[in-house]
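If you're wondering where the values come from, they're calculated on a predicted model, not measured in any experiment.
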Amino acid sequence: MPMITYVDPKGIHHTVDAPAGASVMEVALNNNISGIVAECNGSAACATCHVWIDERMLDLIPAPEPHEAEMLEFTAAESRPNSRLGCQVRIEESLAGMVVTIPETQV
């Protein structure tokens with residue numbers, strides 16, 4: 001099981017086991033990491049699980065689908081080239097050591 005580090009909005013680092021197949025959003029919620037709202041429960045319809053993915057890992061995850069890319073235009077915090085919806089990024093073994101930063105606001 002890969003270890004993923006979340007940096008919450010207060011700057012606190014949380015390193016957790018992330019089961020392969022789970023989403024970045026699900027792992028955060030299951031580990032009580034603050035900052036992920038997940039109003040739509042992972043259906044890519046609200047952008048309240050916006051995260052910034054460790055840039056060195058971007059080539060290891062699929063590019064955003066058009067719907068996700070559109071939703072990223074409506075994030076409450078700054079959208080960056082490494083912005084993703086946490087519900088759309090699935091954990092894989094190759095992502096071990098990934099750092100996910102949660103913006104200060106989601107709504």
Hphob cluster co-occupancy, [X] + [Y], side-chain heavy atoms under 4.5 angstrom:
X   : Y   : answer
L60 : M25 : yes
V16 : V24 : yes
Y6  : I61 : yes

Indicate the atoms forming the closest heavy-atom contact of [X] with [Y], along with that distance.
X    : Y   : answer
C40  : A45 : SG-N, 3.4 Å
L29  : A38 : CD1-CB, 3.9 Å
G42  : C87 : CA-CB, 3.5 Å
P103 : P9  : O-CG, 3.3 Å
W52  : E78 : NE1-O, 3.1 Å

State the [atom1]-[atom2] distance between [X] and [Y], to the nearest 0.5 angstrom.
X   : Y    : atom1 : atom2 : value
R80 : T75  : CZ    : OG1   : 10.0 Å
C49 : R84  : SG    : CZ    : 10.5 Å
L58 : M98  : CG    : CE    : 9.5 Å
H14 : I33  : NE2   : CD1   : 6.0 Å
S34 : Q106 : OG    : CD    : 10.5 Å
M57 : E55  : CE    : CD    : 12.5 Å

Item to check | Sole residue of I36, L85, N82, T101 in side chain to side chain contact (heavy atoms under 4.5 Å, CB included) with V51 | outcome: I36

Checklist entry - Would a distance-only check, ignoring hydrogens and angles, find a side-chain to backbone donor-acceptor pair under 3.5 Å from T48 to E39? => result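 Confirmed, T48 side chain pairs with E39 backbone.
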
Checklist entry - Does the pair K10/D8 count as a salt bridge with the N-to-O cut at 4.0 Å? => result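 Not counted as a salt bridge, because no side-chain N and carboxylate O are separated by less than 4.0 Å.
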
Which pairs of donor and acceptor atoms, one on a side chain in residues 90-97, lie under 3.5 Å apart (sequence neighbours left out)?
unit_1 : atom_1 : unit_2 : atom_2 : d
R90    : NH1    : G21    : O      : 2.9
R90    : NH1    : E26    : OE1    : 3.2

Next on the checklist: Walk me through whether H50 and S83 qualify under side chain to side chain contact (heavy atoms under 4.5 Å, CB included).
Outcome noted: CA-CA 7 Å; H50 174 219; S83 285; 2.8 Å; yes

Item to check | side chain to side chain contact (heavy atoms under 4.5 Å, CB included) between I4 and V100, worked out | outcome: CA-CA 8 Å; I4 305 295; V100 176; 4.0 Å; yes

Checklist entry - Is there a side-chain contact between M3 and D17 (heavy atoms, below 4.5 Å)? => result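 In short, these two side chains touch, coming nearer than 4.5 Å.
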
